[in-house]
Visitor: 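The structure that follows is given in the form of structure tokens.
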Amino acid sequence: MTSSLCNREDAAELCILTLAELDLKEQPPFSPKDHLKAELDASTRKKYASAKRKAFALFVKAKEMVAETCYPMSACQGAVFWRCCQQTFKDLTGIHRHVAAHHSGDVGQETLGILKQMAAGSNNITSSPVTVDEMPRPSRPLYRSQEMFQTLPDTSHISADEMASEVGQVLLYYCYCEVADPGGLCAWQKALCQHLHLTGKVRIASEGINGTVGGSKVATNLYMDAMLSHPLFKDILKREDFKTSKGGAHCFPDLRIGVFEEIVPMGINPEKVSYKETGIRLTPKEFHVEVEKYLFQGNKGQADTILLDCRNFYESKIGHFQGCLAPDIRKFSYFPIYVDENLDLFRGKRVLMYCTGGIRCERGSAYLRSKGVCKGVYHLRGGIHKYLEEFPDGFYRGKLFVFDERYTIPSNGGTISACRYCGMLWDQYRLCSTQPCHQLVLTCTDCQLKGFTACCPLCQEKGLALAATSSGQGFKEECECTGTRQRIPVERV
Ligand SMILES: [Zn+2]
Ligand SMILES: [Zn+2]
Ligand SMILES: [Zn+2]
Ligand SMILES: [Zn+2]
């Protein structure tokens, strides 16, 4: 049986990789040609094992299918299976057994090819990833996407404990750039994150990439290395563009990687408002000086500047810059409408914008600029995250909200928000206790003990009624208390 018989071309388009589960120890070993075996000393034995693993993984990968291709679907959530020799394999163990039993010759050939390539080029396997160009038989294009297997780091020297350690960090980063093959980048990201046991979310679009991933220290460092050496990002993404905070894989329920129209959902086609039209970026220091000037002006009642928090209301509620305007909007896709409805507010003004890590400002400022009413639009490079690193005791008050299970990351800013029920200073969010409701609520420990665990009294009652009848009929996913707030607030000019 030759491999080309069961080779399916469309496998290269698929997004879900399961390399992390690859464990060759259970598989019968392939037998390399005797003359090669003789050449294997202790150090090349390791290279051989690594090349064999890669060859095996590449072979299995080529047999992989998902129910639907991921692009242009909004997320790659299709079920994965494998087709080989006219058989279907529902789990990885099945296809591994099959490949080990029936394709050892093919895998052996691939292994030799990879080894020859390694010998011809660099001898350092950790820095010579297998790419399309290096595939042993280029006449048989296994992979349409060159990005697919680029720079998957070698983790063989890392212990399982170290790799899966709970004590780690959460990375937050983005990179606006032209991505020609979002599907290919998506597949590589999936392979990379699974390989490194990371959790979190990565959004990929033709306008770039936006990720927040959690894992052990060693895994997140390898992730940064891989990103920084990727051809797409190596000249534009810098190590300091990654914002780090204490955390780990436990901060996210799972790993979600997908291709979207925008890397942050503003709801405006990137071709209409491009990141290239962004405002003027200010370093934390420059921003600090501008805020200082603004606050001084503001005290004299003659500010020509607006300090604009472009995050959602529940984020700015627990922490914001002194003297900022914080729109009461529930999601970023309302920001453009907010701008449209409040154009007079911005007319003739200098606008200083900020958000968590800078990504929303990149295109938010471009949108504001596109209206042509402001005197100037500036934004904080690296967002509050980077500002707090340089100015822990600066003009930011309260906590920094983050979109993972931690909800906030500590800062020196104290507490500026209150418990919804008793008014005591409180800034620890929790999810409303009424199941289908997805609102966040600030309820202090005492109030929680008294049973105030829902987003509002109405929702609390509904929750109790629901528990009594144990039926979720007629229940909206979003609480009615959101309806009491204006969808798009209009500011007094
Ligand atoms: Zn087969
Ligand atoms: Zn309370
Ligand atoms: Zn609720
Ligand atoms: Zn409510």
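In what follows, residues are counted from 1 in the order of the sequence shown. Computed from heavy atoms alone, side chains included, the values below leave out hydrogens, waters and symmetry copies. We count ligands from 1, going down the list as the structure has it; atoms in each ligand are counted the same way.
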Visitor: Mind telling me whether Tyr338 and Phe346 have parallel, tilted or perpendicular rings, with 30° and 60° as the class edges?
Guide: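 Perpendicular, since the angle between the ring planes exceeds 60°.
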Visitor: Find the distance between CD1 (Ile384) and CD (Glu315) and round it off to the nearest 0.5 Å.
Guide: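 CD of Glu315 is found 8.0 Å from CD1 of Ile384.
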Visitor: Report the angle formed at the Zn ion (ligand 3) by atom SG of Cys437 and atom SG of Cys459, rounding to the nearest 10°.
Guide: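 Between SG of Cys437 and SG of Cys459, at the Zn ion (ligand 3), the angle is about 120°.
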Visitor: Taking Asp304 as the fixed residue, which of Lys375, Arg347, Lys293 is the one that meets the salt bridge (charged side-chain N to carboxylate O under 4.0 Å, His left out) rule?
Guide: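 Between Asp304 and the candidates, salt bridge (charged side-chain N to carboxylate O under 4.0 Å, His left out) is satisfied uniquely by Lys375.
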Visitor: What does the angle at the Zn ion (ligand 3) come to, between atom SG of Cys432 and atom SG of Cys455, rounded to 10°?
Guide: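 Taking the Zn ion (ligand 3) as the apex, the two atoms subtend 120°.
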Visitor: Rounded to the nearest 10°, what angle sits at the Zn ion (ligand 2) between SG of Cys447 and SG of Cys444?
Guide: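 Once rounded, the angle between the two atoms at the Zn ion (ligand 2) is 100°.
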Visitor: Val218 vs Tyr223, test: side chain to side chain contact (heavy atoms under 4.5 Å, CB included). Steps then yes/no.
Guide: CA-CA 9 Å; Val218 62; Tyr223 180 84; over 6 Å; no
